[in-house]
Each structure stands twice: as structure tokens, then as C-alpha cells.
Amino acid sequence: MRLATWNVNSLKMRLPRLVPWLADKQPDVLLLQETKLADAAIPTAEIKEAGYEVATHGDGRWNGVAILSRIGIEDVVRGFAAEPGFPDPETRAISATCGGLRVWSVYVPNGREPDSPHYAYKLSWLAALRDALAADLAMGQPVVVAGDFNVAPTDADVWDPKAFAGSTHVTAPEREALARILAAGFTDVVPTPMKGPHPFTYWDYRAGMFHQNMGMRIDLVYASAGVTVRSAYIDREARKGKGPSDHAPVVVELT
DNA sequence: ATGTCGTGGACGCCACGA
């Protein structure tokens with residue numbers, strides 16, 4: 001199975017790039033984040049024409065996640081048990097079974113600043129996600145959870161650790177929240193960067209950050225035991241050219 | 001790094017989020 005995850009920063013704006021990307025890369029399952037579309041506005045015709053079924057969880061302006069699959073989508077769950085909100089739950093998680101694999105597409109809250117209530121929300125959301133994933137694992141099925149975690153797991157996952165002093169995405173509590181998810185029964189699938197030494201998946205639009213490779217690895221793929229990972233890479237070509245997302249897709253070959 | 005995007009509401013700009 002070929003599985004990919006991609007924060008597209010508006011599915012509406014990215015559709016002209018997504019459709020040829022699907023034809024080129026041929027993923028069996030694609031996990032999307034930041035679709036920024038209500039479910040009723042999802043371009044299902046174009047997605048179906050490309051050969052995929054789609055399950056979505058979106059509310060329109062912000063957030064929004066989706067699963068595209070050409071190997072079936074069963075048992076779709078939008079959100080998860082005891083999912084924290086701000087104050088109400090947002091559209092940040094969707095899971096389904098595709099080809100016998102339980103897959104989750106997640107868009108973790110940004111957190112904004114460490115002293116922000118959004119940061120506390122981020123930590124509580126990650127803690128609740130851990131519990132929901134543990135419940136899925138307890139059912140004995142292989143699970144892959146992937147998406148925009150908005151946390152760089154190590155200092156090697158940001159272009160300059162010094163530049164992130166006092167910022168979110170690199171704090172110890174955020175990294176501990178990731179560690180607790182891993183401890184529930186997952187392995188961090190670190191993808192191969194196709195250029196340079198750093199497996200960055202995100203580069204800010206501003207200040208020529210992409211061209212200077214000043215990026216971050218915040219789009220993560222966590223695979224449970226029972227999932228054999230053969231290879232994984234970052235499609236940085238998708239970050240180039242006119243009208244890209246600020247995130248690159250991560251593509252993983254499984255079992 | 002703070003140099004750009006995308007969104008929606010009221011508009012050819014602004015406020016917000018990232």
C-alpha cells in the first residue's frame with residue numbers, strides 16, 4: 001500500500017495541483033489536512049474522476065481533514081472520543097479503515113504561543129488523541145496516524161533551534177506529548193529528504209524560506225506494530241512552482 | 001525568517017490565522 005499525507009492549505013486552492021499529483025504519485029490512500037472546506041463543498045466529482053473515494057470532516061473556513069482512498073473507506077469516524085475543543089471540538093481528526101489498515105488524518109492545533117490558551121488546548125488535544133489511538137490499538141488492528149502535528153520532534157527537525165527559543169512546536173511538553181503517543185505503540189517513520197540532509201516537510205511562505213531550506217519537520221507518520229514500512233520520502237517537488245501549499249507531501253510504502 | 005498565503009466580510013481593503 002502506498003500512503004501519503006499532505007497539508008494542502010485549502011483543498012479548493014490546491015485542487016489544480018492535487019489532481020495531477022494523484023495521477024503522478026498514485027497513492028492508494030491520501031490523508032489531507034487544512035482542507036478549509038465544509039463537507040458539502042468538497043470537490044467530490046473531481047476526486048472521483050481521479051479514481052478516489054473521499055471521506056471528509058470540515059467546517060468551512062479553518063481546519064478540515066479528509067481521507068482519499070482507491071482501496072475502500074470503511075468505518076469512518078469523525079473526531080474522536082473526549083476530543084477537546086476551543087471551546088467546541090473542531091474538525092481536526094478523521095479515521096477510517098482502508099484496505100484493512102486503520103488510518104487517521106490529524107491536524108493538531110497550532111498552539112500560537114506557549115502562554116496562549118491555544119497552547120494548553122494543543123497539549124490537551126494531543127493527550128486525548130493518544131488515548132483515542134490507544135483504544136484503536138487495543139482492538140488489535142494495525143494503525144497509521146499521520147498529518148500535521150505542529151510539533152518538531154527534535155532540534156534536528158527545525159532549521160535553527162536557536163531561532164525557536166520560546167516558541168511553540170519545540171517545547172518539552174509538546175515533545176513529551178508526542179513521546180506518549182509513540183509509547184502507546186507507534187514508530188515515527190522519518191522520511192528521506194529528496195535534497196539536503198534535513199527531512200523538512202514545511203517551509204513558511206515568507207522570506208524565501210523554502211529556497212534557503214529553512215524548514216521544519218512537523219508533518220509526521222506514526223505506524224503501529226504490524227505495519228511494515230518499506231520506504232518513505234518527502235516530495236519536495238510539490239512545494240515548488242506556482243501556487244504550492246506551504247507543506248510538502250510525505251509518501252510511504254507500506255507492507 | 002516575519003519578505004506570503006488563504007479565508008470571509010465587506011470590498012477593491014482589512015482582520016485574522018498560520
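Here is how names work: the chains are called A, B, and so on, in the same order as the sequence lines, proteins then strands, and each is numbered from 1. Just so we're clear, the structure is a prediction, and the values are computed from it rather than from any experiment.
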Using modelled atom types only, decide if a donor and an acceptor are shared between the side chain of A/Tyr202 and the backbone of A/Asp219 within a distance under 3.5 Å.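 Checking the backbone N and O of A/Asp219 against the side chain of A/Tyr202, no donor-acceptor pair under 3.5 Å is found.
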
Would you say the ring centroid of A/Trp125 lies under 6.0 angstrom from that of A/Phe80?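 Centroid distance A/Trp125-A/Phe80: below 6.0 Å, so yes.
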
Can you check whether A/His169 and A/Phe164 have ring centres sitting under 6.0 Å from each other?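 No - the distance between ring centres of A/His169 and A/Phe164 does not fall below the 6.0 Å cut-off.
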
Here's a test of your reading of the structure: between A/Gly60 and A/His118, which maps to the more 5' nucleotide of DNA chain B?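 Nearest-nucleotide comparison on DNA chain B picks A/Gly60.
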
Between A/Asp246 and A/Gly243, which is nearer to the 5' end of DNA chain B once each is assigned its nearest nucleotide?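 By nearest-heavy-atom nucleotide position, the 5'-most residue is A/Gly243.
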
Tell me: [atom1] of [X] to [atom2] of [N], nearest whole Å?
X	N	atom1	atom2	result
A/His247	B/dG6	NE2	C1'	12 Å
A/Phe210	B/dG3	CZ	C1'	17 Å
A/Tyr205	B/dT7	OH	C1'	12 Å
A/Asn9	B/dG6	CG	C1'	6 Å
A/Trp62	B/dA15	CH2	P	14 Å
A/Asn7	B/dG17	CG	P	17 Å
A/Arg61	B/dC14	CZ	P	16 Å
A/Tyr202	B/dT4	OH	P	13 Å

Can you tell me how far [atom1] in [N] sits from the matching atom in [M], rounded to whole Å?
N	M	atom1	answer
B/dA10	B/dC5	P	26 Å
B/dA1	B/dG6	P	24 Å
B/dG3	B/dA18	C1'	16 Å

Checking contacts here: which listed nucleotide ([options]) is nearest the side-chain heavy atoms of [X]?
X	options	value
A/Arg14	B/dA18, B/dA1, B/dG6	B/dG6
A/Glu34	B/dG17, B/dA15, B/dA18	B/dA18
A/Lys12	B/dT4, B/dT7, B/dG17	B/dT7
A/Met214	B/dC5, B/dA18, B/dA1	B/dA1
A/Arg92	B/dT4, B/dC16, B/dA18	B/dA18

Have a look at A/Tyr107 and say if it touches a base, only the backbone sugar-phosphate, or nothing, with a 4.0 Å heavy-atom cut-off.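 A/Tyr107: backbone/sugar contact only, no base atoms under 4.0 Å.
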
Under 4.0 angstrom, heavy atoms only, what part of the nucleic acid is A/Met13 near: base, sugar-phosphate, or nothing?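 If one applies the 4.0 Å heavy-atom cut-off, A/Met13 turns out to touch the sugar-phosphate alone, with no base involved.
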
Can a side chain N or O of [X] be found less than 4.0 Å away from OP1 or OP2 on [N]?
X	N	value
A/Ser10	B/dC5	no
A/Arg112	B/dA18	yes
A/Arg206	B/dA18	no

Under 3.5 Å, is there a donor-acceptor pair between the A/Asn63 and A/Thr91 side chains?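 Judged by distance alone, the side chains do not pair up.
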
Do the side-chain N and O atoms of A/Ser95 and A/Arg102 include a donor-acceptor pair separated by under 3.5 angstrom?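 Yes - a donor-acceptor pair under 3.5 Å links their side chains.
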
Give me the atom names and distance for the closest heavy-atom approach of A/Val8 to A/Arg14.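 That closest heavy-atom pairing would be O-NE, 2.8 Å.
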
